[in-house]
Amino acid sequence: MTSDLTTVSVDLGTRSYPIWIGSGLLARSGELLGDRLVRGRTVVVTDETVASLYLEHLQGSLGMPSETIILPAGEATKSFAHLEWLCEQLLEAGVERKDCILALGGGVIGDLTGFAASILRRGCGFAQVPTTLLAQVDSSIGGKTAINATAGKNLIGAFHQPVAVLIDTETLDTLSDRELRAGYAEVVKYGLIDDPAFFGWCETHAQALLAGDSEARSQAIEISCLAKARIVGLDERETSGTRVLLNLGHTFGHALEAEAGFSDQLLHGEAVALGLLLAFDVSVLLGLCPQADAQRLRIHLKSLGFATTLSECGMAHRGARMIAHMAQDKKMDGGRLPFLLARGIGQTFLATDVDLNIVRDFLDQAT
Ligand SMILES: NC(=O)c1ccc[n+]([C@@H]2O[C@H](COP(=O)([O-])OP(=O)(O)OC[C@H]3O[C@@H](n4cnc5c(N)ncnc54)[C@H](O)[C@@H]3O)[C@@H](O)[C@H]2O)c1
Ligand SMILES: [Zn+2]
């Protein structure tokens with residue numbers, strides 16, 4: 001075995017688990033996951049695109065028989081209909097509570113499979129094998145699982161931690177440039193939350209990362225996993241005010257996604273990138289954040305080809321509609337919507353007293 005391996009731990013007492021990061025790790029899945037595959041057989045859940053690229057490779061390295069369940073690719077798969085079908089398939093496959101279902105794919109497969117695992121027989125084991133940048137730095141870690149509802153994204157779900165996360169960074173070689181860049185929004189988010197030095201690193205290395213530089217890629221994934229693991233370890237269920245910081249850019253981002261009908265017009269990460277900028281712009285408007293910091297972020301995102309204005313996404317002058325989407329936000333508290341704002345790069349905080357009329361007017365006037 002030659003591939004280098006970095007392990008990041010998510011420390012949650014009896015629910016602690018490792019995140020293994022390395023190039024070529026799919027070939028070591030049997031060796032790494034072995035102890036967790038207690039019954040000597042398992043089920044791999046994936047989507048059609050990922051199945052054609054990596055399913056055989058993963059199954060071949062497990063060193064034991066495995067069944068497969070293949071779902072359509074895309075956000076629409078995070079639905080009640082697909083959840084029902086998946087649960088029925090898992091039961092038909094005879095999955096037991098101590099089994100370990102493997103979620104091979106992006107955030108869609110990870111979120112759906114994790115949710116199915118959380119409710120199947122009142123909770124089965126599952127491991128994440130994320131294959132998109134977004135899933136490798138964010139969604140596969142921390143145990144948030146969900147499907148979408150008509151009223152909004154991720155509104156039906158559960159906290160259910162995986163037993164392990166296996167990240168083969170080489171899988172990103174086949175990801176489209178657009179998906180890779182979208183996932184990068186969640187990387188730069190960690191710098192903006194509380195790590196200004198990492199934001200500086202991003203300014204220097206993001207171009208290389210997006211061009212496929214494996215060193216920059218591995219470093220970004222490791223730093224992101226460390227940040228996510230630390231925050232989840234401090235506040236697993238988003239109750240103490242720490243984990244909520246990970247939603248920076250997401251209140252705006254989810255509203256933009258909803259306006260785009262959760263379609264390919266705007267990927268999650270693209271919406272988050274613009275959402276990050278809007279959060280900084282509102283922070284400047286409220287006199288909380290220096291204009292120079294918002295400008296630094298704008299220049300960085302623009303240099304990578306992200307949309308940095310509402311009109312570029314066809315979302316200008318939709319203040320009232322966006323506020324209506326935000327009213328479905330999971331952070332809503334007694335009719336008030338707390339906002340994640342920033343006092344500067346690396347200084348995110350939760351503001352509970354933001355006047356929604358100001359945000360609506362800002363969204364109406366911003367171009
Ligand atoms: N649970 C969480 O904490 C959390 C955090 C952030 C985002 N999310 C969720 O994650 C979802 C988005 O995840 P995503 O961006 O990974 O989308 P995705 O799972 O839809 O994957 C994007 C596309 O890339 C394809 N793909 C996946 N891996 C590939 C590879 N290696 N090579 C080529 N193609 C590949 C997929 O088939 C899909 O078409 C959203 O539903 C979002 O709500 C969840
Ligand atoms: Zn996100």
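Residue pairs meeting the ring pair (Phe, Tyr, Trp, His ring centres under 6.0 Å) criterion with at least one partner in residues 117-154, sequence neighbours excluded, are F126-H160. Within the structure, no pair that satisfies the salt bridge (Lys or Arg N to Asp or Glu O under 4.0 Å) test touches residues 349-362, not counting sequence neighbours. Within the structure, salt bridge (Lys or Arg N to Asp or Glu O under 4.0 Å) pairs that include any residue of residues 125-135 do not occur (at least two apart or interchain). The side-chain hydrogen bond (donor to acceptor under 3.5 Å, both in side chains) pairs that include a residue from residues 315-326 are E259-R318, E259-R321, E259-H325, where partners are two or more places apart or lie in different chains. Sorted by first then second residue, the salt bridge (Lys or Arg N to Asp or Glu O under 4.0 Å) pairs that include residues 197-213, not counting sequence neighbours, are E203-R296. Contacts classified as salt bridge (Lys or Arg N to Asp or Glu O under 4.0 Å) and involving residues 59-86 (residues at least two apart or in different chains) are given here: R41-E67, E75-K78, E75-K153, K78-D111.
By the side chain to side chain contact (heavy atoms under 4.5 Å, CB included) test, D173 pairs with E170, R217, sequence neighbours left out. Residues meeting the side-chain hydrogen bond (donor to acceptor under 3.5 Å, both in side chains) test with R243, sequence neighbours left out: none. For L175, the side chain to side chain contact (heavy atoms under 4.5 Å, CB included) partners two or more places apart in sequence, or in a different chain, are T132, L172, E179, L180. V163 is linked by a side chain to side chain contact (heavy atoms under 4.5 Å, CB included) to R36, C100, A127, counting only residues two or more places apart in sequence or in another chain. Listed by chain and residue number, E270 satisfy the salt bridge (charged side-chain N to carboxylate O under 4.0 Å, His left out) test with R178 (two or more places apart in sequence, or in another chain). Annotation: side chain to side chain contact (heavy atoms under 4.5 Å, CB included) contacts of A116 (sequence neighbours excluded): L83, L86, C87, L90.
Side-chain N or O atoms of D138 include none that pairs as donor or acceptor with a backbone N or O of E186 at under 3.5 Å. No donor-acceptor pair under 3.5 Å is formed between the side chain of E96 and the backbone N or O of R39. When atom types are taken as modelled, the side chain of T204 and the backbone of G200 share a donor-acceptor pair closer than 3.5 angstrom. No donor-acceptor distance shorter than 3.5 angstrom exists from the side chain of T131 to the backbone of T171, with no hydrogens or angles considered.
A donor-acceptor contact under 3.5 angstrom links the side chains of S61 and S29, judged on distance only. Looking only at atom types and distance, the side chain of S224 has no donor-acceptor partner in the side chain of Q136 under 3.5 Å away. When only modelled atom types and interatomic distance are considered, T174 and Y54 share a side-chain donor-acceptor pair under 3.5 Å. Checked by atom type, the side-chain pair E215/H205 shows no donor-acceptor distance below 3.5 Å.
Aromatic pair F339/F252: centroids less than 6.0 angstrom apart. Centroid-to-centroid, the aromatic rings of H268 and F262 stay 6.0 Å apart or farther.
Partner R230 forms a salt bridge (charged side-chain N to carboxylate O under 4.0 Å, His left out) with one of D235, D194, D11 and no other, that one being D194.
The local environment of CZ in R121 is crowded, with over 12 non-hydrogen atoms from other residues, nucleotides or ligands closer than 6.0 Å.
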